[in-house]
Amino acid sequence: MTTMTTQTTQTTTPVLEARNVTMRFGGLTAVRSVDFTVNAGEIVGLIGPNGAGKTTFFNCLTGLYVPTEGTVSYKGTVLPPKPHLVTQAGIARTFQNIRLFANMTVLENVLVGRHTRTKEGLWSALLRGPGFKKAEKASEERSMELLEFIGLAHKRDHLARNLPYGEQRKLEIARALASEPGLLLLDEPTAGMNPQETRATEELVFAIRDKGIAVLLIEHDMRFVFNLSDRVAVLVQGEKLVEGTSEVVQADERVIAAYLGEPFEGEPGAAEAAEVEAAEAQSTISKGEDR
Amino acid sequence: MTETKNTSPSAGDAPTAETRGLLPLPLAAARALLLAGGIATAASTFLAWTWTSAFPGDLTVTGYPGGLQWLTFTAGILTTLFALASYGIRGLGWLIPARNNAPLFLTALGGFGVTWYTVLAISVDLGGLANLEPGGFIAAIASLLPVIGALSLPEKATGDTKEHLKAYITKAEQIPAPQDLAPWIERAVITVVTIIGLGVFTYGIDTEYGELFIGYLIVVVFSVWALHTAGLLDRFSRLVARHRSFTLAMGFAAAIAFPFTQTDDHYANIGVNILIFGTVALGLNIVVGLAGLLDLGYVAFLGVGAYTAALVSGSEFSTFSGVHFPFWAAALTGAAASLVFGILIGAPTLRLRGDYLAIVTLGFGEIFRIAVNNMDGDSGPDITNGPNGIPSIPDLKLFGFNLGESHDIAGFTLGRFANYYLLMVLIMAIVVLVYTRAADSRIGRSWIAIREDETAATAMGINGFRVKLIAFALGAALAGLAGTVSAHVTYSVVPTPYQFAGSTPPNSAFLLAAVVLGGMGTVAGPILGAALLYLLPEKLVFLQDKSLLAFGIALILLMRFRPEGIIANRRRQLEFHETGQLDVPQTTTLTDDSATVTKAGA
Ligand SMILES: Nc1ncnc2c1ncn2[C@@H]1O[C@H](COP(=O)(O)OP(=O)(O)OP(=O)(O)O)[C@@H](O)[C@H]1O
Ligand SMILES: [Mg+2]
């Protein structure tokens with residue numbers, strides 16, 4: 001629908017490489033041997049039915065979960081499964097259920113995002129030397145730039161909790177961008193938005209990509225994903241089913257089947273049981289807490 | 001009749017169909033009753049209320065007020081002032097900027113409460129109403145009038161009496177913005193408020209008997225509540241926000257002035273204990289209020305500091321009796337020892353979340369006390385002298401100035417406790433500085449982030465364990481610092497005060513209560529909470545074993561009606577700061593935003 005047919009200039013330097021990532025919760029394998037690559041300058045979509053393991057996969061990438069098997073590397077170096085080290089390395093994320101610091105102001109939320117890019121410790125805070133003041137000022141300026149970019153500068157002193165829903169999602173993105181990431185992971189950035197807001201988010205994601213930040217996004221809004229993404233991967237039952245350009249994925253009947261719940265040939269796993277589970281997951285997981 | 005009220009021009013509230021008084025009196029009569037009642041209440045204190053001076057405070061004199069009558073007098077004057085303000089008298093309008101009824105009702109209630117409390121206390125103490133002089137009855141009736149008057153003022157009635165009554169005690173929804181004042185006037189206002197505050201506070205500390213303290217609490221609580229509903233506290237806190245360092249300076253000036261207002265060193269002793277307690281509470285506020293770590297054994301760090309100072313300050317009963325550090329060295333050693341303990345306790349436990357941490361710290365607190373109790377050479381190494389503790393800690397000498405002796409300064413005599421009080425003011429100033437600077441920095445923000453949402457905070461690159469450990473260690477060190485002074489003030493250290501819960505502060509439960517009651521995450525809150533929690537058991541000794549019960553009830557009431565604590569955090573205030581922004585139509589926000597984004601993306 002939108003005019004943005006994304007140019008497929010594949011700069012093939014991988015930013016993110018997930019190898020054989022598996023995540024098991026007891027008997028449940030939420031993510032099964034997923035290999036995944038995001039290249040510099042790319043927008044990649046990750047879709048799949050509810051409970052497919054998309055958020056779990058994100059958590060494995062960002063160190064919130066320690067994958068049962070497999071490794072995640074960022075620009076060639078393997079990441080330790082510690083969230084703060086992952087962010088330090090250059091991967092930032094947002095959450096499916098917005099997780100802002102509700103009782104901090106909009107500006108403070110973004111300032112927290114700058115944590116890894118600033119150094120001032122307790123001593124410099126107590127002594128308040130010129131270095132401290134300079135660093136604080138620089139941090140604030142940088143954060144205000146981001147708020148302007150995202151369109152929330154006029155609300156800098158409002159509490160995050162008091163923002164309307166759509167603005168909270170944006171603020172979460174600004175906070176993630178504050179850590180100066182090379183890769184941004186967005187977990188359902190348009191969930192709960194109206195079409196107008198979704199459009200705005202689309203522009204925002206392009207603008208972020210134009211800053212040279214690769215984007216990996218989970219989304220249920222198909223039009224949104226296919227508009228945006230250079231590549232789309234489909235996760236079903238924890239396994240990567242298809243990966244390719246929007247056209248390829250849209251045309252793939254296995255994907256249609258996975259969403260509609262029709263059996264098809266060459267489907268991975270035990271067909272019937274999986275379907276039932278997926279349907280169940282759909283009703284329960286969609287309301288469940290995400291990490 | 002309702003018609004008259006609604007059309008009354010000075011009624012203030014936008015006239016809606018269903019505004020009416022809870023009691024059916026015409027508006028004019030209600031106002032008159034308020035004013036007359038206020039004056040009558042104040043005047044009645046010049047009469048004798050009882051015939052014998054057996055009731056403390058001597059209320060037998062006709063001609064001038066005494067004891068509890070002063071409190072009634074004050075409440076009566078306040079009611080009168082608010083009543084005059086409601087008439088729109090020039091120069092008093094600022095008292096009720098929102099023109100709401102709640103301040104009138106609450107001040108009236110304060111006067112009523114303290115008068116009736118006094119009259120009943122006389123009757124109960126002396127055995128029967130016969131002990132009341134006519135003046136007592138007059139006062140009781142006079143103080144009832146403003147309450148009736150206030151309840152007759154028109155308020156929004158929804159049919160439900162309870163809801164209707166609630167309207168009389170809730171804060172005005174919209175308080176008109178104050179006109180801008182010149183900065184020097186704002187400073188003058190802050191100065192005046194500080195002086196009044198010092199006066200009120202000093203009066204509370206100096207109350208000589210429990211009845212007077214209870215009366216004092218009644219008047220203060222209702223007056224402050226009235227000021228709050230009038231929106232004056234909000235206005236003041238806005239002033240404070242604009243002149244933060246000036247207010248801080250005034251606060252410390254007032255704190256320093258306190259011992260000069262005292263003639264009895266006993267009250268300076270209460271003052272120094274409040275300061276020690278308050279300083280430790282402020283340290284705990286870093287751990288609980290900022291970083292959100294529930295520490296139930298915090299008093300142990302005060303103990304570590306106190307014991308360390310006792311050991312190295314030249315007491316002949318100390319294991320290291322030869323060692324006599326100067327104060328600065330002893331203070332640093334005490335703080336350092338607490339810091340080390342903080343890290344030792346924190347390192348293994350701070351990986352736990354929530355309840356687990358609380359339980360482990362609770363355990364540590366008890367282990368400290370029991371260990372100190374046992375290290376007497378019999379059941380453990382001989383370090384702390386067991387239950388006997390370390391007595392005869394010598395008084396401090398600073399710059400040739402012996403803190404143990406009385407000194408005359410500019411005509412004022414400062415006793416031993418006053419000296420220590422001033423030292424503690426200095427220590428507290430340091431702690432306040434550390435607190436405010438740490439809170440407003442990268443590390444402070446990461447504490448708050450951890451408190452708000454630990455998972456999101458770590459995903460933003462914060463090393464949760466590390467920053468929590470820093471908060472824990474810093475809090476411990478500050479408590480240790482306060483402990484070093486407390487060891488000198490009390491001459492000796494013994495294990496018993498350092499327990500989880502007890503009937504007198506400081507103990508971990510009281511410290512936590514001081515932080516929560518006063519207002520988590522604020523500077524003034526824990527200090528105020530500490531003052532209150534120290535004074536309550538101190539002044540209510542006449543309740544004896546029932547004092548803890550009364551105390552518990554007071555805590556429950558406070559938490560029920562003001563869960564954010566007495567002094568609300570700026571963040572909590574911000575919750576009400578934006579006027580109905582949630583109601584902003586989605587579309588307007590959106591068009592704004594998409595425009596910005598397009599521009600950014602282009
Ligand atoms: N911490 C956990 N412990 C146990 N099971 C979990 C945990 N987290 C996720 N799961 C399970 O893993 C599966 C995948 O969940 P996940 O949240 O990753 O799905 P999703 O693809 O993000 O779904 P949605 O589209 O609804 O967000 C679900 O069956 C879920 O119950
Ligand atoms: Mg999900």
Student: Is the side chain of A:Thr87 donor-acceptor paired with the backbone N or O of B:Ala459 at a distance under 3.5 Å, no angle test?
Tutor: yes

Student: Using non-hydrogen atoms only, which part of A:Thr62 is less than 4.5 Å away from chain B: side chain, backbone, both, or neither?
Tutor: neither

Student: At a 4.5 Å cut-off on heavy atoms, which part of A:Lys119 comes close to chain B: side chain, backbone, both, or neither?
Tutor: backbone

Student: Please determine, among A:Gln88, A:Glu136, A:Lys82, the option with the most heavy-atom pairs under 4.5 Å with chain B.
Tutor: A:Glu136

Student: May I ask you to decide whether A:Arg209 forms a salt bridge with A:Asp230, counting only side-chain N to carboxylate O separations under 4.0 Å?
Tutor: yes

Student: One thing to verify: whether B:Glu454 and B:Lys468 come together as a salt bridge, which I'm taking to mean a side-chain N less than 4.0 angstrom from a carboxylate O.
Tutor: yes

Student: Does B:Arg437 qualify as a cation-pi partner of A:Phe132, given the criterion of NZ or CZ under 6.0 Å from the six-membered ring centre and within 45 degrees of its axis?
Tutor: no

Student: When only pairs under 4.5 Å are counted, which of A:Leu127, A:Val86, A:Val112, A:Thr116 shares the most heavy-atom pairs with chain B?
Tutor: A:Val112

Student: So do B:Ser441 and A:Glu120 actually touch side chain to side chain, heavy atoms under 4.5 Å?
Tutor: no

Student: What part of A:Ala92 lies closer than 4.5 angstrom to a heavy atom of chain B: side chain, backbone, both or neither?
Tutor: neither

Student: Taking every non-hydrogen pair under 4.5 Å, which of B:Leu433, B:Asp453, B:Ile443 racks up the most with chain A?
Tutor: B:Asp453

Student: I'd like to know if A:Lys170 and A:Glu167 make a salt bridge, using a cut-off of under 4.0 Å between side-chain N and carboxylate O.
Tutor: no

Student: Which region of A:Arg117, side chain (C-beta onward) or backbone (N, CA, C, O), has a non-hydrogen atom less than 4.5 Å from a non-hydrogen atom of chain B, or is it both or neither?
Tutor: neither

Student: Sort out for me which of B:Leu474, B:Ile470, B:Asn463 touches chain A most, counting heavy-atom pairs under 4.5 Å.
Tutor: B:Asn463

Student: Salt-bridge test for A:Arg156 and A:Glu140: reply yes if a basic N is under 4.0 Å from a carboxylate O, no otherwise.
Tutor: yes

Student: Checking heavy atoms, do the side chain of A:Leu85, its backbone, both or neither come under 4.5 Å from chain B?
Tutor: neither

